[in-house]
Amino acid sequence: MATRTSSARPSPARDRLLQTASRIFYTRGIHSVGVEEVIATAGVTRSTMYRHFPGKEELVVAYLEAASAAERQRLEEALARSDGPEAAVAALAGAVVAQLSDPAYRGCAFLNAAAEYPDVDHPVHRAVLEHRRWYAETVAATLQPLTGRRTGAAAELFVLLRDGAMAAGCLSDPAEVGRVFRRGVDGLLAGA
């Protein structure tokens, strides 16, 4: 699991910093945003920023950890509401389609971050890989009752379909991408 990189003390200023950074990093990209802009937009002092996050890298990792926690919660709630293995897979697919149809959608935060931080040893890239590990394990556990021995291959294909949908959702009509993604998941299950 990614190492906690910021102060554990709850603070309204820390929350504002993280929420502001998350919004700006997601909509404009990480490298295009400087710490000074985050500080000014969040309405905090420079010393407050550095008390909670020793540098931009730690703020970026915290942004990804918060995005991961939010996705985990959404998926856990959706899976808990599903009744049976088919409904659980539909919940996973539905979560992808819901992201694509969000008017604020600007691509997968994790794929975007990986593109900006391609060095696999960089803490930001490691945070991305940690999230992807969790996601792949969640998909595999959800698919296992339907795919049996072929779970690993089916999970890899599901994640690949998701990645493609997340990229295409920024380039094409998100509703059509969602329909194509669902057809791909249906085909995956039919082949399992």
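Atoms considered below: every heavy atom in the structure, side chains included; atoms not considered: hydrogens, waters and symmetry mates.
Counting heavy atoms of neighbouring residues, nucleotides and ligands inside a 6.0 Å radius, atom CG of D83 does not exceed 12 of them.
Contact annotation: the side chain of L17 never approaches that of R51 to less than 4.5 Å [non-hydrogen atoms, C-beta and beyond]. Using a 4.5 Å cut-off on side-chain heavy atoms (C-beta onward), R46 and M49 make no contact. Side chains of L64 and H131 form no contact here, defined as non-hydrogen atoms less than 4.5 Å apart. Counting only heavy atoms from C-beta outward, the side chains of T138 and L79 approach each other to under 4.5 Å.
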How far apart are the C-alpha atoms of Y117 and I30, what are their side-chain angles, what is the distance that settles it, and do they pass the side chain to side chain contact (heavy atoms under 4.5 Å, CB included) test?
CA-CA 9 Å; Y117 291 88; I30 298 166; 3.4 Å; yes

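One finds the CD atom of E65 at 9.0 Å from the CD atom of E130 (value rounded to the nearest 0.5 Å).
One N or O on the side chain of E58 and one on the backbone of G55 form a donor-acceptor pair closer than 3.5 Å. The backbone N or O of H31 lies less than 3.5 Å from a partner atom in the side chain of E116, making a donor-acceptor pair. For T151 (side chain) and G148 (main-chain N/O), a donor-acceptor pair under 3.5 Å exists by modelled atom type. When atom types are taken as modelled, the side chain of Y135 and the backbone of V159 share no donor-acceptor pair closer than 3.5 angstrom. Side-chain atoms of R106 never come within 3.5 Å of backbone atoms of T27 as a donor-acceptor pair (strictly under, hydrogens ignored). A donor-acceptor pair is defined here as one N or O able to donate and one able to accept, closer than 3.5 Å; no such pair exists between the side chain of R162 and the backbone of L92.
Pairs of residues two or more places apart, or lying in two chains, that qualify as ring pair (Phe, Tyr, Trp, His ring centres under 6.0 Å) and include a residue from residues 148-182 are F158-F181.
Between the side chains of S68 and R72, at least one donor-acceptor pair of N or O atoms lies under 3.5 Å.
Transitive grouping of hydrophobic side chains (ILVMFWY, heavy atoms separated by less than 4.5 Å) brings Y26 and M166 into a common cluster. Both V139 and L146 are members of a single hydrophobic cluster when ILVMFWY side chains are connected at heavy-atom separations under 4.5 Å. Linking ILVMFWY residues whenever their side-chain heavy atoms come closer than 4.5 Å, directly or via other members, leaves Y63 and L129 in distinct clusters.
Annotation: side-chain hydrogen bond (donor to acceptor under 3.5 Å, both in side chains) contacts of R74 (sequence neighbours excluded): none.
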